[in-house]
Amino acid sequence: MSDSALLRPGAGPDDDLVTPSSGGPAGSREDAAGDPRAQAGAQGAALAGAEGSRPRLLLVDGHSMAYRAFFALPVENFSTTTGQVTNAVYGFTSMLINVLRDEAPTHVAVAFDVSRETFRAQEYAEYKAGRAKTPAEFSGQVGLVKEVLAALRVPVVEKEGFEADDVIATLTTQARAQGFEVLVSTGDRDALQLVDDATTVLYPRKGVSDLVRMTPDAVEERYGVRPQRYPELAALVGETSDNLPGVPGVGPKTAAKWLAAHDGLDGLVAEVDQLKGKAGQSLRDHLDQVLRNRRLNRLVTDLDLPVVVDDLVVAPWDREEVHRVFDALEFRVLRERLFATLATPEPEAEGGFSVRVARPRGAAEVRRWLDALGDAAVGVHVLGRWGAGTGEATGLALAAADGTAAWFSLAAAAGKAGTDGEGPAEAADGPAEGSVLDDEGRAVLATWFADPGRAKVVHDAKGPLQALAGAGLAVAGLAGDTALAAYLCRPDQRSYDLADLALRHLHRELRVEEEEREQGEEEPQLTLDVDGPATPEGAPDPAPGAAVRAAAVAELDDVLAAELAERGGTALLAELELPLVGVLARMEARGVAADGAQLRALEDQFAATVEEQAEAAYAVIDRRVNLGSPKQLQEVLFEQLEMPRTKRIKTGWTTDAEALADLLVKTDGHPGSGFLVHLLAHRDASRLRQTVEGLLKTVAPDGRIHTTYQQTIAATGRLSSTDPNLQNIPIRTEEGRRIRRAFVVGEGYESLLTADYSQIEMRIMAHLSGDEGLVEAFRSGEDLHSFVGSRVFAVEPADVTPAMRSKIKAMSYGLAYGLSAFGLSRQLRIAVEEARGLMDEYFERFGGVRDYLRGVVDEARSTGYTETILGRRRYLPDLTSDNRQRRDMAERMALNAPIQGSAADVIKVAMLGVERAVAEQGLRSRMLLQVHDELVLEVAPGERDALEALVREQMAGAAELSVPLDVSVGVGTSWHEAGH
DNA sequence: CAGTTGTACAG
DNA sequence: TACTGTACAACTGA
C-alpha cells in the first residue's frame, strides 16, 4: 500500500480501514465518530436497496464529476461566508446523493486521479497536455469533496500513476466476475468501453444532475458502435480532452462505418490498404497515431488495489462529521436532502436511556427521594418557558447519571406551555391534581434547590433557572452546565443541542429505552415513549422525556468535564462562566427602563423623514420604487440614471452607503445625484425607525426592556444580546444618540452609571506583546493614538494632527483584525503604497507588536488553537488548510481571538466582581447591561459615589496586566447622558 | 413559508 | 482583501 492510499474518514493508522471492527467500550476514545461500536452491525443497512437482490456497485470518477460541476454551477452562487468557493463540492455532493437515492447501490466507491504522472504521460508526453491549467478555485475543492466523502463514509480509492478510470475499470471487472451490477458515474467517455449488460455508465448530459444511462444500446445509438468498440472509435476520431488527435477528415460516422465493415480496429488495420478516398489515405498517414491512441485509451483492468469489491459495502455515514462538514460548507439544503432522502443510519446511537422515574409528591416522599441521591451532581431538566428575563416552570425532572430519576409536577399554569429554548414543547402535566407536588413537598424541594452544597447540573441553565425562580425555586449550587462546557471545548459550533451532545459524547439517542417504575410506585398510566400513547386526559406524559434529559445531562456533565479538563478549561467554567449564568439571569430580569413616549415620538419623527425623503427621491427619478430593495435600486442607479457601476456583489453591484457616498462624489452635478442624497437620508431614517420600532415592541409591561444574553454564541468568548440586541444601539450619529436618550433610569433609582474600559483591546495587545513602546504609551497616561502617532510620524505628541491621529487609530485597531495594507488603504482612502509605508513605520517603532502577531499565528498553527489570558481556547483547523482564502481567514481569526477573547474574559471577571461587591456592601444599585467593554448600572439613591468607586475598583482590578486598565465612568438620567 | 442576501448598527 | 455579533426587508425557491 506504499504507493496507493485508501482514504477513510477520521481513520487513524491503527484503524482497519475497510472493515470496522466491533468491540471496545463506548467512550474509550475521544472521537465519537471513531467509536467502532457505533458502526458495528449497521453496515450496509443504511443505503442498501432491496436486500437479497443482485448486489450493485456504484463507482464514481470523483475528479471528473466534480470538474463537471465546477463548470456547470455559477461560482457566484456557491461560496461560503468565508469566501470559500463550493460549487464543485456542491454539485458533486448533490449528484452523489441523488444517485445513492435513485440507484440504491449496495456497494460504493469514488476514484480519484492521483497525479498527471501516469503511464500514459510516459508513453506520450503530450497526453492531456494543452489542457487549460486547472483553475485554483477548483483544486481547492477536491479536498473538500474528499471531506464530504469521508463524512458519508464513502471509500476513496486511488492508485499512484493511474487515473480514476483505471481504478474504476479494475473494480468493474472484479465486480462483474462476482455477479455484480455495476454503475459508473463519470464524465470521461473512455469509461464507455466498460459498458455491457451488467455495467451502465451514468454520463452527465448537462451539468451533473442530469445523467444519461449509457447502456450498450444507448452507446450504439449514439456512437454507432458497440461499447467494446468505443475506444477503437475514439482512437480514430481522437479525444480532444486528452489531447489525443484523431485522423484528419475522419469523424464518428466514417469511423463507425469502417469498424463495422472490418470487424473492428484490428481488421481495419489489416485491410487499411484497401480503403478508398481521402479518408483512407488520411488513416494510412496517421496509423501509428491511431494505434498509440488505442494503447492510451485502453483502461487498465488488473490494478493491484488496496481494496476489493467486498470492502466497498455501503456504510452508514458519520452523522457528526456530516454536520461538521456541511456546516463548514454551509450546505443547509443539501444536508436536509441528505437526511430526508437517504434513511438516516443512526449509527452513533447504540440505544436510548433507561430511567426509573419516581413521582414523589409529599414532603416525606420528596425528602426520602432526595436523600437517596448520592453526592454526585444531579441532572436537572425543567419544562416550562422562559426568555426576556422571566419564566415559568411547569415541571421538572431530577436524575442521577445511573438513570435514577424523579418527576415533579409544578403544573400551576397548565395548558399553554411550550418552551423557549431547548426543552421540548409539551403541555403541562396532564394527570389529575393528585400528581402535582404538594406545598410541603415543594418546600422540601425548594430547600434542596437553595442548598449550595447540593450540586446541580443543567443544560443551558440560564433560562431554566429563571423558570424555576418563577416557580419559587431559587437555585444555588449550579455545578455544571453542559451547554457551557461544550461551548468552552469547541466555541465555534453552531449550537449545543442536548440531543446532539448526547449522541456525540454518550453515543445514545435522547429517548427512553426502558422505563421502570420505582419500587412502591403505583402509577398505572406510565408510557414508554414521550410520543407514545397519551394519558387518559389526552396529554402525553412529560415525565419520561424530562427524566431522560435530566439523566443525559448528569451523564454528559462527567464526560464534558473530562474533555474540558484536557483542554485546560475547568477553572474557566467553574470560576467564570458558571457564576456568570446567575449574574446574566438577574441582569435580564432587571431589564432597563425605556421612555415609551420618547420612543414613540422618535418613531413618528423618523417615519416622517422616511416619507419626505422617499417622496423627494421619487421626484428626481420620476417614479416610485421600493427604496429598500437593492435590486430595484440597481436598476434606478445603473440603468435609469446610468451612474458608474460600483463594487461587484453576488447579485450585481452594491448599493451600500459607502459605495453610494463614493458615487455621490463622482457624480456631483449629475442629474441623479439628488436621488443619492435623498436615498441616503431615507436609508438612515428608515434604519433608525426600524430600530425604534423594534425596541418599542420589546418594552415589557413593567416599562422595561429585557434583553436575552447568549453565552455560547461568540467564538471568541464574548456575550451576545438578542431580542432585542442592546449591544448595537446607535451612538455614532446625533440622530442615533437620541435613541440612547430613551434608555432611562427606572423609578426608585437616581441615575444610570456607565463604566467602560478605554482601549481595552489595545491594552491587551500591549500586555500580550510586551512591546515596550506600547506599554510605555499606556503607562505614560498620554493619549494613546497621539503617543503612537508621535512615534510613527516622528513628531512631538502635541504636534500630532487630527488627521495623523485618525490614521494611527485606524491602524492600531486594524492590526488586531489582521488588517492588510490594502484594507488600510481602503479604510483611510489613501494609496496602498502610503498605507504600506504607514504600516512599515508602525512596525518599525513597535516591533514587539509585529513579533507578537506573527508568533500568535505560528503557535496556533502548531497547537491548533489560540488562547486568551484565562486559557479560553479557540480551535482553528483551517490554519493548515491548503486553501488560501480559508487559511487567511483563519489567520485573521487567530490574530483577533486572543485579544477580543481576553477582553471578554476581563469584563466577565469584572461583572462577577461588581455583582459580588454590590451584594457584599449591601447596595441596592444594580448592574443592567453589558456592551463588550462597557457596563451600565442603575444607581440607587445616595449610592452614586460608593457605586462608582466599587465599579472602578472591580473593573480596573479584573486582571493584572503589564499596563493599567483604565476605566471611565459617566452618570446621567439616560444612557446617553451617562455616556461619555 | 423557510432560507438566503444585502444592508447597517454596535464593540 | 478587518474581527465579533444581531436585526430587518426583500427576494428566492421548494
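Chain A is the first sequence line, chain B the second, and so forth, proteins listed ahead of strands; every chain is numbered from 1.
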Chemist: Assess R648(A) against W653(A): is NZ or CZ under 6.0 Å from the centre of the six-membered ring, and within 45 degrees of the ring's axis?
Modeler: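 Output yes; distance and angle both within limits.
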
Chemist: Does A715(A) reach a base, just sugar-phosphate, or nothing at all? Heavy atoms under 4.0 Å.
Modeler: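 Sugar-phosphate contact only.
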
Chemist: Testing the basics here: between I899(A) and E761(A), what is the closest heavy-atom pair and its distance to 0.1 Å?
Modeler: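 Heavy-atom minimum between the residues: CG2-O, 3.6 Å.
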
Chemist: State whether the side chain of K807(A) and the backbone N or O of L838(A) hold a donor-acceptor pair below 3.5 Å, judged by distance alone.
Modeler: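 A pair under 3.5 Å: no.
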
Chemist: Which letter, B, S or -, goes with each nucleotide of nucleotides 9-14 of chain C from 5' to 3', with contact meaning a protein heavy atom under 4.0 Å?
Modeler: SSSS--

Chemist: Using distance alone, with no hydrogens and no angle criterion, decide if H980(A) and D756(A) have a side-chain donor and acceptor under 3.5 Å apart.
Modeler: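 The answer is yes; a qualifying pair exists.
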
Chemist: Students often get this wrong, so: under 4.0 angstrom with heavy atoms, is L895(A) touching a base, only sugar-phosphate, or nothing?
Modeler: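 Nothing: the residue L895(A), judged by heavy atoms under 4.0 Å, touches no strand.
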
Chemist: Calculate the interatomic distance between R689(A) atom CZ and dA8(B) atom C1'; express it in whole Å.
Modeler: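 The answer, rounded to whole Å, is 15 Å.
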
Chemist: Looking for any heavy atom pair under 4.0 Å, which part of the strands does G823(A) touch: base, sugar-phosphate only, or nothing?
Modeler: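 Sugar-phosphate contact only - G823(A) comes under 4.0 Å of backbone atoms but never of a base.
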
Chemist: Under 4.0 Å between any heavy atoms, over every strand shown, what does I713(A) touch: base, sugar-phosphate, or nothing? Just pick one.
Modeler: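 Here I713(A) touches the backbone only, sparing every base.
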
Chemist: Check whether the ring centres of Y817(A) and Y813(A) lie less than 6.0 Å apart, and answer yes or no.
Modeler: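 They do not qualify: ring centres at least 6.0 Å apart.
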
Chemist: Testing the 3.5 Å rule here: is there a donor-acceptor pair between the side chains of R738(A) and T733(A)?
Modeler: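 Looking only at side-chain atoms, T733(A) and R738(A) do not form any donor-acceptor pair under 3.5 Å.
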
Chemist: Does Y865(A) have R874(A) sitting over its ring (NZ/CZ under 6.0 Å from centre, angle to axis within 45°)?
Modeler: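 No, R874(A) does not lie over the aromatic ring of Y865(A).
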
Chemist: Just by distance, with hydrogens left out, do E588(A) and H706(A) show a side-chain donor and acceptor under 3.5 Å apart?
Modeler: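 Checked: E588(A)/H706(A) side chains show no N/O donor-acceptor pair below 3.5 Å.
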
Chemist: Give M811(A) one of three labels, base, sugar-phosphate or nothing, depending on what nucleic acid heavy atoms sit under 4.0 Å from its own.
Modeler: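 It contacts nothing in the nucleic acid.
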
Chemist: From L965(A) CG over to S758(A) OG, what is the distance, rounded to the nearest 0.5 angstrom?
Modeler: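 Those atoms lie 9.0 Å apart.
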
Chemist: For R874(A), which contact category applies under a 4.0 Å heavy-atom criterion: base, sugar-phosphate, or nothing?
Modeler: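 Contact class for R874(A): sugar-phosphate only.
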
Chemist: Could you state the CG-C1' distance from N725(A) to dG11(B), rounded to the nearest angstrom?
Modeler: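 Roughly 11 Å, once rounded to whole Å.
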
Chemist: If you write DNA chain C from 5' to 3' in dot-bracket form, with Watson-Crick or G-U pairs under 3.5 Å, [ ] for crossing pairs and | for pairs with another strand, what do you get?
Modeler: ..|||||||||||.

Chemist: For dT6(C), does either OP1 or OP2 sit under 4.0 Å from a side-chain N or O belonging to S720(A)?
Modeler: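 Yes.
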
Chemist: Respond yes when some side-chain nitrogen or oxygen of R892(A) is under 4.0 Å from OP1 or OP2 of dT4(C), and no when none is.
Modeler: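 Indeed not, no polar side-chain atom of R892(A) lies that close.
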
Chemist: Using a heavy-atom cut-off of under 4.0 Å over every strand shown, decide if I729(A) touches base, sugar-phosphate, or nothing.
Modeler: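 I729(A): backbone/sugar contact only, no base atoms under 4.0 Å.
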
Chemist: Take atom CD in E859(A); do more than 12 heavy atoms of anything else shown fall under 6.0 Å from it?
Modeler: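 No, CD of E859(A) has 12 or fewer neighbouring heavy atoms, counting only those of other groups under 6.0 Å.
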
Chemist: Which part of the nucleic acid, if any, lies within contact of R683(A), taking any heavy atom under 4.0 Å across all strands shown: a base, the sugar-phosphate backbone alone, or nothing?
Modeler: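 It contacts sugar-phosphate atoms only.
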
Chemist: Please work out which residues in residues 649-662 of chain A have a non-hydrogen atom less than 4.0 Å from an atom of DNA chain B and list them by number.
Modeler: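 By residue number: I649(A), K650(A), T651(A), T654(A), T655(A), D656(A), A657(A).
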
Chemist: Categorize R718(A) for me: base, sugar-phosphate, or nothing, with a 4.0 angstrom heavy-atom threshold over every strand shown.
Modeler: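 The residue R718(A) makes base contact.
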
